[in-house]
There are 2 protein chains.
Amino acid sequence: MKGIRQLADHLDISIGTVSRALNGKPDVNEETRRRVLAAAEELGYVANQSGRSLRQGETKVIGLMIASSKETVENADNFFLGVTSGLQSVFARHKLDLIMLPCPNDEDPHEYLKRMVARRIVDAMIISETQRIDRRIDLLSRAKIPFITLGRSLSASNATWIDLDFEGVAKRAVERLIARGHRRIAITVPSSEINLGYIFVEGYRHALEQHGIPFDPSLVIRVKSSEQGGYQAAHELLLLEERPTAVILIYELMAIGLYRRLMESGVMPGRDLAVIGFRDAPRSRFLQPSLTCFRMSLHDLGVKLGRMLLANMPAYAEFYSGDGRNTIWPLELVPGESDVFQVAVKA
Amino acid sequence: MKGIRQLADHLDISIGTVSRALNGKPDVNEETRRRVLAAAEELGYVANQSGRSLRQGETKVIGLMIASSKETVENADNFFLGVTSGLQSVFARHKLDLIMLPCPNDEDPHEYLKRMVARRIVDAMIISETQRIDRRIDLLSRAKIPFITLGRSLSASNATWIDLDFEGVAKRAVERLIARGHRRIAITVPSSEINLGYIFVEGYRHALEQHGIPFDPSLVIRVKSSEQGGYQAAHELLLLEERPTAVILIYELMAIGLYRRLMESGVMPGRDLAVIGFRDAPRSRFLQPSLTCFRMSLHDLGVKLGRMLLANMPAYAEFYSGDGRNTIWPLELVPGESDVFQVAVKA
DNA sequence: CTGAAAGCGCTTACAG
DNA sequence: CTGAAAGCGCTTACAG
């Protein structure tokens with residue numbers, strides 16, 4: 001099947017009528033519509049997207065940009081694939097397709113995005129892994145492409161964003177540890193300029209100060225968000241003069257490496273050092289002792305993300321009037337055995 | 001910047017010349033070309049892809065279809081993101097972009113692919129997770145779209161495929177275990193109809209028979225390829241009348257759950273039961289005892305996959321004449337401590 | 001309810 | 001070396 005012309009010739013009607021029938025326009029004879037639909041199905045005709053896009057000025061495709069950096073590959077733990085299902089469940093209602101745009105790791109994300117946007121392959125974009133300063137946001141604003149960011153950014157004053165509740169997680173983790181007598185609480189942050197690290201530390205710092213515990217920069221450990229990073233973090237913890245009694249990890253997979261390094265030194269996680277992780281992932285579910293961490297539904301996050309994006313697109317905004325605001329996505333604490341012990345209070 | 005028309009008006013030349021200049025055609029005055037390039041850069045002009053595609057009959061986009069099923073999300077372990085970097089390094093040479101097409105889990109993969117193909121969003125397709133019988137292959141053949149499958153299939157007689165060396169892995173694992181005295185060797189296979197499970201078992205069976213060990217169907221354990229599946233597999237192993245002394249896992253993450261279940265019963269992996277995993281992933285690198293498994297470079301696999309695909313595309317075939325053949329991708333054994341002990345040979 | 005025609009943004013023979 | 005024009009496959013006012 002070549003195109004609408006062939007289909008029209010085959011049915012001996014005009015291409016205009018074929019188009020109207022296929023697109024569900026009301027002013028088509030029902031019998032005609034049936035014939036068109038049947039023939040399209042039989043001959044496997046589907047409208048060429050380039051033709052449609054050119055005429056309509058829209059592609060019905062939404063792009064999700066992901067940085068396929070080595071870091072992301074090791075860490076993302078299928079975070080994006082998880083979010084995808086939620087996004088698609090929203091987009092499907094409007095016959096919008098989702099495509100994932102992996103930015104090559106040797107290409108500048110800003111240049112990559114610029115190219116994708118200019119080519120008009122998508123009608124709207126979702127960007128993620130927002131940096132503290134993220135020029136992509138200015139780019140999208142200027143291009144007047146509807147977009148949303150998964151992650152806050154200092155550049156995001158003219159963007160709508162959704163982000164995980166990093167402050168809330170840091171705060172709850174700190175308070176939970178303080179309640180068990182901890183005073184020296186370490187925290188790990190990513191070594192990159194990704195914005196979430198800054199927010200995480202701010203939440204941590206604020207929670208400490210609320211409880212009268214001074215912030216000690218030596219307890220903030222910058223490592224990669226990977227098992228190797230966890231191993232490294234444990235190594236650094238063990239070298240600290242006054243060893244902390246607890247550590248909060250920004251990424252749960254780090255716990256695997258952290259446990260390993262601790263055990264090598266005879267330090268038992270959950271007995272000698274309290275550990276709280278961030279997001280619970282299937283991988284870490286079998287850790288021993290089980291990891292106290294925070295859970296969320298990636299599917300639900302995807303749904304909200306999708307709704308928020310559509311709220312920013314004129315053609316769909318009416319259906320999602322309640323979804324236009326910036327959102328902090330809550331996480332639920334999953335208690336484990338890695339932080340159950342009490343610290344003896346010093347006399 | 002609206003389109004080529006604006007840019008041409010701005011430069012006071014015709015759109016034809018602008019197009020030729022931008023596309024590097026030889027018959028353009030160098031000074032003119034410089035002016036056009038500079039103006040395009042300044043005004044941020046990039047050709048609208050729909051216009052190009054419509055005219056040229058190609059999109060310069062390659063699609064990688066992935067099933068975003070719950071299983072894949074939990075298991076894929078960023079396999080696809082890893083392969084992506086290799087693919088892109090090949091495609092970049094020809095200014096081809098890669099997009100990932102995640103099939104919604106409530107949509108039939110065949111229907112999804114049909115839609116994507118018919119819309120002509122991509123010039124060529126890569127499909128993965130091939131099933132034993134996979135109608136997508138017939139669909140792509142009939143649509144005359146260049147494609148390649150990551151994974152063999154019984155349907156693949158008219159397709160070019162690349163696949164991991166499942167037989168080789170099964171064979172080497174079996175032989176390694178036999179050399180250490182094992183006779184009762186269990187194997188896990190996926191519970192789905194994905195073809196690799198069949199190939200894995202065939203390799204296992206063949207290796208056993210070569211060494212005069214009869215194939216025992218009760219040692220083939222069908223479970224999900226996840227940590228939970230590993231847990232379940234261990235559970236079933238422990239229930240077997242004559243307990244096997246070794247197990248080969250088709251997916252390395254299963255080892256986490258398997259270890260856990262074994263330890264709950266006081267069975268020590270690497271001492272009471274030999275374990276060999278499949279692909280080595282960052283997640284399992286910290287297992288104790290360390291897992292004997294097989295390694296490969298996802299990047300290199302992606303490169304080969306990209307080359308093979310281009311070898312099947314008329315426009316690029318000349319550069320990849322040596323890459324057209326079906327390929328079995330080798331894996332390298334990474335010895336660990338999970339299978340080091342010898343089994344006492346029965347008198 | 002249907003057909004004929006315009007035009008979306010490009011690229012590319014064709015003329016000059 | 002450049003311009004004018006055709007046409008890729010659609011959708012959509014417009015006329016009837």
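We name chains A, B, ... by the order of the sequence lines, and we start the count at 1 in each one. The structure presented is a predicted model; accordingly, all values stated were derived computationally and were not measured.
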Cationic N near anionic O, under 4.0 Å, B:R5 to B:D9 | yes
Is a salt bridge present between B:R136 and B:D134, judged by a nitrogen-to-oxygen distance below 4.0 Å?
-> yes
From [atom1] of [X] over to [atom2] of [N], roughly how many Å is that when rounded to an integer?
X: B:I4; N: C:dG7; atom1: CD1; atom2: P; result: 19 Å
X: B:D12; N: D:dG3; atom1: CG; atom2: P; result: 9 Å
X: A:R120; N: D:dC10; atom1: CZ; atom2: P; result: 22 Å
X: B:I15; N: D:dA5; atom1: CD1; atom2: P; result: 11 Å
X: B:R119; N: D:dG9; atom1: CZ; atom2: P; result: 17 Å
X: A:R20; N: D:dC10; atom1: CZ; atom2: P; result: 15 Å
X: A:Q49; N: C:dC8; atom1: CD; atom2: P; result: 18 Å
X: B:I121; N: D:dC10; atom1: CD1; atom2: C1'; result: 15 Å

Looking only at the side chain of [X] (C-beta and beyond, no hydrogens), which of the listed nucleotides [options] gets closest?
X: B:R52; options: C:dC1, C:dT11, D:dC10; result: C:dT11
X: A:Q56; options: C:dT2, D:dG9, D:dT12; result: D:dT12
X: A:T17; options: C:dA13, C:dC1, C:dG3; result: C:dG3
X: A:N29; options: C:dT12, C:dT2, D:dT11; result: C:dT2
X: B:V28; options: D:dT2, C:dT12, D:dG3; result: D:dT2
X: A:L54; options: C:dC8, C:dC10, D:dC1; result: C:dC8

Heavy atoms only, 4.0 Å cut-off, all strands: where does [X] land among base, sugar-phosphate and nothing?
X: A:T32; answer: sugar-phosphate
X: B:S50; answer: nothing
X: B:I13; answer: sugar-phosphate
X: B:G16; answer: base

Between [X] and [N], is there a contact of a side-chain N or O with OP1 or OP2 at under 4.0 Å?
X: A:Y45; N: D:dG9; answer: no
X: A:N48; N: D:dC8; answer: no
X: A:K25; N: D:dT12; answer: yes

Atom OG of A:S19 and atom CZ of A:R52: how far apart are they, to the nearest 0.5 Å?
-> 7.5 Å
Residue whose nearest DNA chain D nucleotide is more 5′ - B:E30 or A:R5 | B:E30
Counting only distance, no hydrogens or angles, is the base of D:dG9 paired donor-acceptor with the side chain of B:R55 under 3.5 Å?
-> no
Look at the side chain of B:D163 and the backbone N and O of B:R152, then say whether any donor-acceptor pair between them is shorter than 3.5 Å.
-> yes
CZ (B:R135) with more than 12 external heavy atoms under 6.0 Å = no
If each of B:A47 and A:D27 is mapped to the nucleotide of DNA chain C with the nearest heavy atom, which maps nearer the 5' terminus, i.e. the 5' end?
-> A:D27
Using purine N1 to pyrimidine N3 plus N6-O4 or O6-N4 for Watson-Crick, or N1-O2 and O6-N3 for G-U wobble, both under 3.5 Å, which nucleotide pairs with C:dA13?
-> none
Would you check if the distance from the ring center of B:H10 to the ring center of B:Y45 is below 6.0 Å?
-> no
